[in-house]
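When a residue number appears, it is its place in the shown sequence, counting from 1. Keep in mind that the numbers below use all heavy atoms, side chains included, and drop hydrogens, waters and symmetry copies.
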Amino acid sequence: MASPFRSLIEDENRYNKSFQLFLERSSEHQCMQEFIHGVLPEIFTKIGKGKSSLNVLGVGSGAGQMDLQMFSQMRLKLPGITVINEVVEPSGDMLFKYKVLVQKTPNLEYINFTWNKMTASEFESHWKESKLDKKFDFIHMIQMLYYVKDPEATVSFFRSLLSENGKLVIILVAGQSGWGRLWRTYRAQLCNTEISQCVTTGDIKTFLDTKGVPYKNYVLPSQMDITECFTEGDEKGQLLLDFLTEVIDFSKNASPELRAGVLALLRHPDCSKEEDGKVLFNNNLEVLVVDP
């Protein structure tokens, strides 16, 4: 049964506000950057061997910060490479920010950008209707599988677009994270299955294992300061709660019992640790590097 709440992604302005606050309060981008600088270069070396150009597909690329960091590492490892980059992003605001970032960033002449303002499922429909047979050397889906109707089918489709030595990189919250515990406990009350999924890498790994699909995984330790969530009426705390629950105005719309239960769980040692008067939520991510 679908949750009775309105999903946060229905309000793009509030979603962007809460997401920005989440980035300020968490080490999300830092831990991704460590992966991009520490692990990805070796992957790029393998997929770029003997090639003068690479086809890249970013699904749910947002404002493009992570994409451009990946490209800078790709260029360092493969200096003469040219990149044909397809961007799939449903938010007009995020696409605009990505384009501005590209204009402001020097030395991107080696990348050819194609912009697709569409969801992953719209892109899939467009691809199949157009009977396209292009293959991609590198596909990345960073923190976006929560917003598709069927994450497993989405992974299967995009994996089918990989070239012979290509790689599909999926980044999601880890199954053994505060998110995983929150969703396992309150999935029925919070998750709007028509729009978003309470999905972790644990779910995707189970699916890949069942299908016998080879992959490597890397855990990225991360935390998020959620102290303000426990101050009654705190505006930033309410935005963070919206982000954690994926519900618009969770504090106002949830029953007192549900709100108390969620807050108690968020403070529980299974989800968070308390340090120097702060409540630090386990925001661990996991990367899955999937083979064709």
Inset, instruction - Show your working on side chain to side chain contact (heavy atoms under 4.5 Å, CB included) between Gln73 and Leu40 and close with a plain yes or no. - result: CA-CA 8 Å; Gln73 292 303 307; Leu40 264 190; 5.5 Å; no
Legend entry - Backbone N/O of Met94 and side chain of Ser91: donor-acceptor pair under 3.5 Å: yes
Legend entry - Heavy-atom side-chain contact between Glu89 and Met118 under 4.5 Å: no
Legend entry - Ser130 (side chain) donor-acceptor with His126 (main chain) under 3.5 angstrom: yes
Inset, instruction - Please answer: with hydrophobic residues joined when any side-chain heavy atoms are less than 4.5 Å apart, are Leu95 and Ile84 in the same cluster? - result: no
Legend entry - Check: Tyr110 ring centroid to Phe71 ring centroid under 6.0 Å: no
Inset, instruction - Find out whether Leu244 and Cys229 are in side-chain contact, i.e. whether some heavy atom of one side chain is under 4.5 Å from a heavy atom of the other. - result: yes
Kindly list each side-chain donor-acceptor pair under 3.5 angstrom involving residues 48-68, sequence neighbours excluded, with atom names and distances?
residue, atom, partner, partner atom, Å
Lys51, NZ, Asp137, OD1, 2.5
Asn55, ND2, Lys135, O, 3.1
Ser61, OG, Asp67, OD2, 2.7
Asp67, OD2, Tyr98, OH, 3.0

Legend entry - Within 45° cone of Phe230 ring axis and under 6.0 Å: Arg267 NZ or CZ: yes
Legend entry - Polar side chain donor-acceptor pair, Gln223 to Ser26, under 3.5 angstrom: no
Legend entry - Aromatic centroids of Trp183 and Tyr146 separated by under 6.0 Å: yes
Inset, instruction - Using the six-membered ring wherever Trp is involved, compare the ring planes of His140 and Phe138 and label them parallel, tilted or perpendicular (cut-offs 30° and 60°). - result: tilted
Could you pull out all donor-acceptor pairs under 3.5 Å where a side-chain atom in residues 164-179 meets a protein atom, sequence neighbours excluded?
residue, atom, partner, partner atom, Å
Lys167, NZ, Asp291, OD1, 2.4
Ser177, OG, Ala174, O, 2.6
Ser177, OG, Trp179, N, 3.4
Ser177, OG, Gly180, N, 3.2
Trp179, NE1, Asn283, OD1, 2.7

Inset, instruction - Kindly write out the residues that satisfy ring-ring contact (aromatic ring centres under 6.0 Å, His included) with Phe96, not counting sequence neighbours, or none if the list is empty. - result: none
Legend entry - Ion pair Lys46/Glu42, N-O distance below 4.0 Å: no
Legend entry - Check: Asp11 side chain, Leu8 main-chain N or O, donor-acceptor pair, under 3.5 Å: no
Inset, instruction - Indicate yes or no: does Asp249 engage Arg6 in a salt bridge with an N to O separation below 4.0 Å. - result: no
Legend entry - The single option from Met70, Met74, Arg75 passing side chain to side chain contact (heavy atoms under 4.5 Å, CB included) against Val83: Met74
Legend entry - Whether Ser7 side chain and Glu10 backbone form a donor-acceptor pair below 3.5 Å: no
Legend entry - Beyond-backbone contact of Arg25 with Ile226, side-chain heavy atoms, under 4.5 angstrom: no
Inset, instruction - May I ask you to check whether Trp127 and Phe136 place their ring centres under 6.0 Å from each other? - result: yes
Legend entry - Asp234: partners by salt bridge (charged side-chain N to carboxylate O under 4.0 Å, His left out), with sequence neighbours left out: none
Legend entry - CD/Glu235: more than 12 non-hydrogen atoms of other groups inside 6.0 Å: no
Inset, instruction - For the pair Phe113 and Trp115, name the ring-plane relationship: parallel under 30°, tilted 30 to 60°, perpendicular over 60°. - result: parallel
Inset, instruction - Report yes if the side chains of Arg159 and Pro292 come closer than 4.5 Å at any heavy-atom pair, otherwise no. - result: no
Inset, instruction - For the residue pair Asp225 and Thr227, confirm or rule out a side-chain donor-acceptor distance under 3.5 Å. - result: yes
Legend entry - N/O donor-acceptor pair under 3.5 Å between Ser72 side chain and Gln69 backbone: yes
Legend entry - Closest non-hydrogen atom pair between Thr185 and Arg181, with its separation: OG1-O, 2.8 Å
Legend entry - Closest non-hydrogen atom pair between Gln238 and Ser251, with its separation: CG-OG, 3.8 Å
Legend entry - Atom pair OG1/CG of Thr200 and Leu182 - distance to nearest 0.5 Å: 12.0 Å
Inset, instruction - Apply salt bridge (charged side-chain N to carboxylate O under 4.0 Å, His left out) to Glu28 and list each qualifying residue two or more places apart in sequence or on a separate chain. - result: none
Inset, instruction - Can you measure from CG (Leu241) to NZ (Lys236) and round to the nearest 0.5 angstrom? - result: 15.0 Å
Inset, instruction - Could you give me the CA-CA distance, side-chain angles and deciding distance for Asn107 and Glu109, then say whether side chain to side chain contact (heavy atoms under 4.5 Å, CB included) is met? - result: CA-CA 6 Å; Asn107 306 319; Glu109 301 80 16; 4.1 Å; yes
Inset, instruction - Any chance you could lay out the side chain to side chain contact (heavy atoms under 4.5 Å, CB included) test for Tyr186 and Leu258, step after step, and finish with the verdict? - result: CA-CA 9 Å; Tyr186 287 108; Leu258 178 60; 3.6 Å; yes
Which pairs would a plain distance check flag for residues 206-220, meaning a side-chain donor or acceptor within less than 3.5 Å of a matching protein atom at least two apart in sequence or in another chain?
residue, atom, partner, partner atom, Å
Thr206, OG1, Gly202, O, 2.9
Asp209, OD1, Tyr215, OH, 3.0
Asp209, OD2, Tyr215, OH, 3.4
Thr210, OG1, Thr206, O, 2.7
Asn217, ND2, Glu286, OE2, 2.7

Inset, instruction - Supply the atom-to-atom distance Gln33 CD to Ser27 OG, rounded to the nearest 0.5 angstrom. - result: 10.5 Å
Inset, instruction - State plainly whether one hydrophobic cluster holds both Val279 and Phe281, where clusters connect Ile, Leu, Val, Met, Phe, Trp and Tyr through side-chain heavy atoms under 4.5 angstrom apart. - result: yes
Inset, instruction - Answer yes if Tyr147 and Leu288 sit in the same cluster of Ile, Leu, Val, Met, Phe, Trp and Tyr residues linked by side chain heavy atoms under 4.5 Å apart, and no otherwise. - result: yes
Legend entry - Under 3.5 Å: donor-acceptor pair, side chain of Asp242, backbone of Ile248: no
Inset, instruction - Answer yes if Phe19 and Val100 sit in the same cluster of Ile, Leu, Val, Met, Phe, Trp and Tyr residues linked by side chain heavy atoms under 4.5 Å apart, and no otherwise. - result: no
Inset, instruction - Locate the shortest heavy-atom distance separating Phe243 from Ser18; write the atom from each residue and the value. - result: CD1-OG, 3.7 Å
Inset, instruction - Answer whether the closest heavy-atom distance between the side chains of Glu34 and Ile36 falls below 4.5 Å. - result: no
Inset, instruction - Check whether any side-chain heavy atom of Lys128 sits under 4.5 Å from a side-chain heavy atom of Glu124, and report yes or no. - result: yes
Legend entry - Whether Glu24 side chain and Leu21 backbone form a donor-acceptor pair below 3.5 Å: no
Inset, instruction - Could you tell me whether the side chain of Asn284 reaches within less than 4.5 Å of the side chain of Pro221, counting heavy atoms only? - result: yes
Legend entry - Side-chain heavy-atom pair Asn85, Asn112 within 4.5 angstrom cut-off: no
Inset, instruction - Could you walk me through whether Gln189 and Thr245 pass the side chain to side chain contact (heavy atoms under 4.5 Å, CB included) test, one step at a time? - result: CA-CA 10 Å; Gln189 292 98 314; Thr245 59; over 6 Å; no
Legend entry - Gap between atom OG1 of Thr201 and atom CG of Leu285 - 0.5 Å precision: 9.0 Å
Legend entry - Where Ala120 and Thr154 come nearest, the two heavy atoms and their spacing: CB-CG2, 4.4 Å
Legend entry - Side-chain donor or acceptor of His268 paired with backbone N/O of Asp270 under 3.5 Å: yes
Inset, instruction - Is it possible for you to say whether Ile47 and Leu76 belong to one hydrophobic cluster, with membership spreading through side-chain heavy-atom contacts below 4.5 Å? - result: no
